[in-house]
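Please read these numbers as outputs of a predicted model, since none were measured by experiment.
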Amino acid sequence: QVQVVESGGGLAQAGESLRLSCTVSGLNFDEYAMGWFRQAPGKERDLVSTISRTGRNPYYVDSVKGRFTISRDSAKKTTYLQMNSLKPEDTATYFCAAARTPSLYNYAPRAQSDFDYWGQGTQVTVSS
C-alpha cells in the first residue's frame with residue numbers, strides 16, 4: 001500500500017522559515033517525480049514546486065521563487081520543501097504528491113492530474 005506522509009508544518013511569523021518533509025512508502029521512489037501543492041482557505045489547490053526523478057530542473061511558481069527550495073533524498077524516500085522568508089500569503093495546507101514518470105528523467109509534470117498519489121496535507125500558518 002502506497003503512503004505519502006507530510007510533516008513539518010506549523011505556525012511561523014513572517015520572515016521565518018519552515019521545512020516540510022514528505023516521506024513515501026510502498027513505491028519505488030526513484031521512479032517518481034515529486035511535487036508540492038498548496039490550498040489556501042476558500043481557494044483551489046495550486047502547484048508550488050516540483051522536482052524530477054533525478055533531482056534536476058526543479059520548478060517553482062513565481063510567488064515562491066528565491067524563497068522556497070525543493071530537494072529529495074532517495075535513501076530516505078523523502079522530499080523536502082525548505083521555505084524561507086515566509087509571508088502571510090503562504091498560509092495554506094501543503095500537499096505532497098508523487099507522479100510516476102517512467103520515461104521522463106529530468107523534468108517533472110506540473111498538472112495535478114499527472115500525480116498518482118497524494119498525502120493528507122500539513123498546515124502552514126504564517127502570521128504578520
Side-chain angles (χ1 to χ4, degrees):
Q1 182 180 359
V2 175
Q3 288 190 316
V4 179
V5 181
E6 304 99 335
S7 62
L11 179 64
Q13 292 192 332
E16 293 183 340
S17 299
L18 286 173
R19 188 178 79 157
L20 305 183
S21 299
C22 169
T23 301
V24 304
S25 60
L27 56 77
N28 185 344
F29 184 66
D30 292 338
E31 291 184 352
Y32 286 77
M34 301 297 295
W36 285 98
F37 298 78
R38 66 186 179 186
Q39 186 170 20
K43 296 187 177 181
E44 294 184 348
R45 186 168 60 188
D46 292 323
L47 174 65
V48 176
S49 178
T50 63
I51 190 167
S52 66
R53 293 171 57 182
T54 61
R56 296 176 182 173
N57 301 310
Y59 171 81
Y60 304 94
V61 294
D62 287 345
S63 59
V64 308
K65 277 182 184 176
R67 300 189 298 122
F68 290 12
T69 303
I70 191 170
S71 61
R72 61 188 292 158
D73 184 332
S74 291
K76 297 181 178 180
K77 293 188 174 182
T78 299
T79 305
Y80 303 97
L81 187 68
Q82 177 67 43
M83 305 186 296
N84 298 330
S85 302
L86 283 163
K87 303 177 180 180
E89 50 264 43
D90 294 320
T91 295
T93 301
Y94 284 70
F95 297 90
C96 178
R100 188 168 183 268
T101 56
S103 59
L104 194 63
Y105 289 86
N106 295 318
Y107 290 90
R110 300 178 188 176
Q112 297 189 41
S113 59
D114 288 330
F115 285 80
D116 303 295
Y117 301 103
W118 292 80
Q120 294 297 308
T122 185
Q123 179 66 37
V124 172
T125 303
V126 184
S127 61
S128 57

Visitor: Give a yes or no on whether the backbone of S127 and the side-chain of Q13 come within a donor-acceptor separation of less than 3.5 Å.
Guide: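 Not confirmed, Q13 side chain does not pair with S127 backbone.
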Visitor: Does one side chain, of S52 or N57, offer a donor that lies under 3.5 Å from an acceptor on the other?
Guide: no
Visitor: Using ring-ring contact (aromatic ring centres under 6.0 Å, His included), reason through F37 and W118 one step at a time and then give a plain yes or no.
Guide: CA-CA 10 Å; F37 298 78; W118 292 80; 4.8 Å; yes
Visitor: Report yes if the side chains of L20 and T122 come closer than 4.5 Å at any heavy-atom pair, otherwise no.
Guide: yes
Visitor: Please answer: with hydrophobic residues joined when any side-chain heavy atoms are less than 4.5 Å apart, are F68 and L18 in the same cluster?
Guide: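 Cluster IDs for F68 and L18 match.
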Visitor: With rounding to the nearest 0.5 angstrom, report the CD to CD distance, Q39 to E44.
Guide: 8.5 Å
Visitor: What distance do E6 atom CD and T93 atom OG1 have between them, rounded to the nearest 0.5 Å?
Guide: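 If I round to the nearest 0.5 Å, the distance is 9.5 Å.
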Visitor: Is there side-chain contact between S25 and K77, with at least one heavy-atom pair below 4.5 Å?
Guide: no
Visitor: Are a donor atom and an acceptor atom from the side chains of T78 and D73 found within less than 3.5 Å of each other?
Guide: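 No - no donor-acceptor pair under 3.5 Å links their side chains.
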Visitor: Tell me whether L47 is reachable from Y107 by hopping between hydrophobic residues (I, L, V, M, F, W, Y) whose side-chain heavy atoms are closer than 4.5 Å.
Guide: no
Visitor: Start with the C-alpha gap between V24 and M34, add the side-chain angles, then the distance that decides, and say whether side-chain contact (heavy atoms from CB on, under 4.5 Å) holds.
Guide: CA-CA 10 Å; V24 304; M34 301 297 295; 3.9 Å; yes
Visitor: What are the two closest non-hydrogen atoms of I70 and P58, and how far apart are they?
Guide: CG2-CB, 3.6 Å
Visitor: Quick one: do V124 and L11 end up in the same hydrophobic cluster if we chain Ile, Leu, Val, Met, Phe, Trp and Tyr together by side-chain heavy atoms under 4.5 Å apart?
Guide: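 Cluster IDs for V124 and L11 differ.
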Visitor: Assess whether atom CD of Q120 is packed by more than 12 heavy atoms of other residues, nucleotides or ligands within 6.0 Å.
Guide: no
Visitor: If you measure from OH on Y117 to CZ on R100, what distance do you get to the nearest 0.5 Å?
Guide: 9.0 Å
Visitor: Would you check if F95 and V4 make a side-chain contact, meaning some heavy-atom pair closer than 4.5 Å?
Guide: no
Visitor: Identify whether the distance between the nearest side-chain nitrogen and carboxylate oxygen of K65 and D62 falls below 4.0 Å.
Guide: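 Salt bridge: yes.
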Visitor: Hey, could you give me the CD/CG distance between E16 and L86, rounded to the nearest 0.5 Å?
Guide: 8.0 Å
Visitor: Taking all atoms of both residues into account, what is the closest heavy-atom pair of S103 and R53, and its distance?
Guide: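 Closest heavy-atom pair between S103 and R53: N-NH1, 4.5 Å.
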Visitor: Report whether V64 and Y80 are members of the same hydrophobic cluster (ILVMFWY, side-chain heavy atoms less than 4.5 Å apart, transitive linking).
Guide: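 In one cluster: no.
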Visitor: Which atoms form the tightest heavy-atom contact between A33 and T101, and what is the distance?
Guide: N-OG1, 3.8 Å
Visitor: Looking only at non-hydrogen atoms, find the nearest pair between T91 and A40 and report the distance.
Guide: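 Minimum heavy-atom separation between T91 and A40: O-CB, 3.8 Å.
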Visitor: Evaluate the side-chain proximity of Y32 to D116: yes if any heavy-atom separation is below 4.5 Å, no if none is.
Guide: yes
Visitor: Can you give me the closest heavy-atom contact between S74 and D30, atom names plus distance?
Guide: OG-OD1, 2.8 Å
Visitor: For a quick test of reading the model, state the closest non-hydrogen atom pair linking S85 to R67 and the distance between them.
Guide: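 The answer is O-NH1, 2.9 Å.
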Visitor: Going hydrophobic residue to hydrophobic residue with side-chain gaps under 4.5 angstrom, can you get from Y94 over to Y59?
Guide: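 They do share one cluster, since a chain of ILVMFWY contacts under 4.5 Å joins Y94 to Y59.
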